[in-house]
Amino acid sequence: MAPKRLRLTAPDDANQLRNAADYEAQLDALQLRLVQIQQAAMRSRERGIVVLEGWDAAGKGGLIRRLNARLDPRFVKVIPIAEPKPDEQGRHYLYRFWQGLPLPGTITVFDRSWYGRVLVERVEKLIPPSAWKRAYDEINAFEAMLVDDGIRLVKLFLHISAEEQIRRFKDRMETPHKRWKLTMSDLRNLERRGEYQRAIDDMFAHCHTRRAPWDVIASDYKWWSRCQAMSRIVAVLGKGLSIEPAPADPKLARQLKSLRKKIRARKK
């Protein structure tokens with residue numbers, strides 16, 4: 001049975017946290033649970049993928065920083081996706097994503113993803129219509145292979161209103177340490193927001209599947225967005241995992257006890 005069809009709707013004013021203490025408490029609890037999930041995944045050699053898509057300035061970077069804040073960086077990789085590198089051009093568009101798939105016991109976060117094929121490449125007319133129309137089935141087959149191979153897949157779309165997007169662009173322009181984030185391509189994309197909206201709706205219509213569903217995160221309010229997104233990541237990556245700490249290895253305990261005795265004897 002196919003999941004209920006997704007569509008973008010205006011973020012609701014109720015979807016926010018107004019109390020900083022509540023936000024910090026929720027965030028702290030979610031970050032701790034992610035640490036427990038990561039450690040459990042390392043023991044069981046589980047693999048996870050988090051796909052982040054959304055409007056420019058929707059908060060993907062802020063979410064990634066808080067997602068990784070307490071995780072062991074050796075076992076999580078963030079891959080920012082921009083235009084293909086020279087050695088990637090001319091190859092199948094999924095090639096570079098295969099290179100970033102997680103190793104056993106690790107998590108990969110894709111900051112933008114293979115969905116660029118049916119979003120930016122479609123809207124900017126970088127490929128013919130036949131290519132992006134064919135990509136829906138290719139993406140579904142790709143994701144089905146990942147899930148069938150045991151990878152836990154989370155797909156999040158961070159949605160903000162046009163008014164909030166403009167406000168964040170203005171804030172970036174007026175804040176010196178944020179100016180690097182704002183580019184002419186961001187403004188061009190804003191002008192073409194209607195075209196992107198149609199492409200996003202088509203993406204949901206074709207690629208919101210039972211095995212690899214999308215979650216739309218209302219993101220006009222950053223505190224709410226971060227907690228909702230991390231809650232979904234926790235739910236998918238942690239499903240069925242035992243987060244109880246691993247029991248101490250009796251052999252290690254005996255060896256450690258023996259070494260302590262030897263070291264104490266040398267000091268005498």
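We're numbering straight along the sequence, starting at 1.
- Under the 4.5 Å side-chain criterion, counting only non-hydrogen atoms from C-beta, L27 is in contact with M230.
- Counted within 6.0 Å of CZ on R112, heavy atoms from surrounding residues, nucleotides or ligands total more than 12; the atom is thus considered enclosed.
- Residue R47 is tested with D149, T108, T106 for a side-chain hydrogen bond (donor to acceptor under 3.5 Å, both in side chains); the sole match is D149.
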Checking R33 against Q36 for the side-chain hydrogen bond (donor to acceptor under 3.5 Å, both in side chains) test, could you report, in this order, the C-alpha distance in whole Å, the side-chain angles of both residues, the deciding distance, and whether it holds? CA-CA 5 Å; R33 181 53 61 94; Q36 295 170 328; 3.0 Å; yes

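- Aromatic ring centres of F142 and W98 lie closer together than 6.0 Å.
- Here the straight-line distance linking atom CD1 of I37 with atom CE of M42 works out to 13.5 Å at 0.5 Å rounding.
- For F204, the ring pair (Phe, Tyr, Trp, His ring centres under 6.0 Å) partners at least two apart in sequence or on another chain are F157, W214.
- For the pair R117 and W132, the cation-pi test (distance below 6.0 Å, angle within 45°) is failed.
- Here the CZ-OG distance, from R134 to S130, works out to 6.0 Å after rounding to the nearest 0.5 Å.
- Hydrophobic clustering of Ile, Leu, Val, Met, Phe, Trp and Tyr side chains at less than 4.5 Å, counting indirect connections, keeps L182 apart from L158.
- Although no hydrogens or angles enter the test, the distance criterion places a donor-acceptor pair under 3.5 Å between the side chain of S219 and the main chain of I217.
- Atoms CG and NZ, on L17 and K222 in that order, are 14.5 Å from each other to the nearest 0.5 Å.
- Put simply, M145 and V147 are part of the same group of oily side chains (I, L, V, M, F, W, Y) that touch within less than 4.5 Å, one to the next.
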Worked verdict on D220 versus H159 for side-chain contact (heavy atoms from CB on, under 4.5 Å): CA-CA 7 Å; D220 268 16; H159 175 44; over 6 Å; no

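- To the nearest 0.5 Å, atoms CG (N140) and CD (E143) are separated by 6.5 Å.
- Residues L190 and L119 fall into different hydrophobic clusters, defined by Ile, Leu, Val, Met, Phe, Trp and Tyr side chains chained together at heavy-atom separations under 4.5 Å.
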In sequence, state the C-alpha distance, the side-chain angles, and the governing distance for D87 and K85, and then conclude on salt bridge (charged side-chain N to carboxylate O under 4.0 Å, His left out). CA-CA 6 Å; D87 67 312; K85 298 175 183 177; over 6 Å; no

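- Ion pairing between K60 and E53 fails under the 4.0 Å rule for side-chain N and carboxylate O.
- Two residues are said to be in side-chain contact when any heavy atoms from C-beta on lie closer than 4.5 Å; P102 and I49 meet this criterion.
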Assess whether side-chain contact (heavy atoms from CB on, under 4.5 Å) is satisfied between D202 and V118, documenting all intermediate values. CA-CA 9 Å; D202 286 345; V118 296; over 6 Å; no

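- Using a distance-only test at 3.5 Å, with no hydrogens or angles considered, no donor-acceptor pair links the side chain of S225 to the main chain of Y221.
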Passes side-chain contact (heavy atoms from CB on, under 4.5 Å), V50 versus F110? Steps please. CA-CA 6 Å; V50 178; F110 285 102; over 6 Å; no

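- Annotation: side chain of R172 is not in contact with side chain of H177 (no heavy-atom distance under 4.5 Å).
- Residue M173 holds its CE atom at 8.5 Å from CG of L187, rounded to the nearest 0.5 Å.
- Note on I166 and I160: separate hydrophobic clusters, where clusters join Ile, Leu, Val, Met, Phe, Trp and Tyr whose side-chain heavy atoms are under 4.5 Å apart, directly or indirectly.
- Under the 4.5 Å side-chain heavy-atom criterion for grouping Ile, Leu, Val, Met, Phe, Trp and Tyr, L32 is not connected to L67 through any hydrophobic cluster.
- No side-chain donor-acceptor contact under 3.5 Å links N189 to the backbone of D186.
- Ring-centre distance between W114 and Y93: not below the 6.0 Å cut-off.
- The shortest non-hydrogen separation linking I81 to F97 is CD1-CE2, 3.6 Å.
- For R167, the salt bridge (Lys or Arg N to Asp or Glu O under 4.0 Å) partners two or more places apart in sequence, or in a different chain, are E164.
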Which is it for E124 and R192 under the side-chain contact (heavy atoms from CB on, under 4.5 Å) test, yes or no, and what are the steps along the way? CA-CA 9 Å; E124 299 295 333; R192 307 182 76 170; 3.2 Å; yes

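- Residues I139 and C207 meet the side-chain proximity criterion, which asks for heavy atoms closer than 4.5 Å.
- The heavy-atom pair separating P213 from R211 by the smallest distance is CD-C, 3.6 Å.
- For the pair R91 and Y95, the cation-pi test (distance below 6.0 Å, angle within 45°) is passed.
- Remark: Q89 CD is packed, more than 12 non-hydrogen atoms of other residues, nucleotides or ligands lying under 6.0 Å away.
- Contact annotation: the side chain of I64 approaches that of V109 to within less than 4.5 Å [non-hydrogen atoms, C-beta and beyond].
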Which donor-acceptor pairs under 3.5 Å do the side chains of residues 231-257 make with protein atoms, sequence neighbours left out?
from : atom 1 : to   : atom 2 : distance (Å)
S231 : OG     : C227 : O      : 2.7
R232 : NE     : D215 : OD2    : 2.6
D249 : OD1    : K251 : N      : 2.9

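- Taking CD from Q99 and CG from L94, the interatomic distance works out to 11.0 Å, rounded to the nearest 0.5 Å.
- Residues G150 and E46 share a closest heavy-atom pair of O-OE1, 4.0 Å.
- Counting heavy atoms from C-beta outward, F75 and Q38 have side chains that approach closer than 4.5 Å.
- Residue E174 qualifies as enclosed at atom CD: its count of foreign heavy atoms under 6.0 Å is above 12.
- For R226 and Q26, the side-chain atoms include no donor-acceptor pair closer than 3.5 Å.
- Side chains of L153 and K155 form a contact here, defined as non-hydrogen atoms less than 4.5 Å apart.
- With sequence neighbours excluded, the residues satisfying salt bridge (Lys or Arg N to Asp or Glu O under 4.0 Å) with E88 are R96.
- Taking the charged nitrogens against the carboxylate oxygens, K181 and D56 have no contact shorter than 4.0 Å, which rules out a salt bridge.
- Remark: Y136 pairs with H206 by the ring pair (Phe, Tyr, Trp, His ring centres under 6.0 Å) rule, at least two apart or across chains.
- For Q31 against A69, the heavy-atom pair with the smallest separation is NE2-CB, 3.6 Å.
- With sequence neighbours left out, R70 forms a salt bridge (Lys or Arg N to Asp or Glu O under 4.0 Å) with D28.
- Counting heavy atoms from C-beta on, the side chains of L34 and L71 come closer than 4.5 Å.
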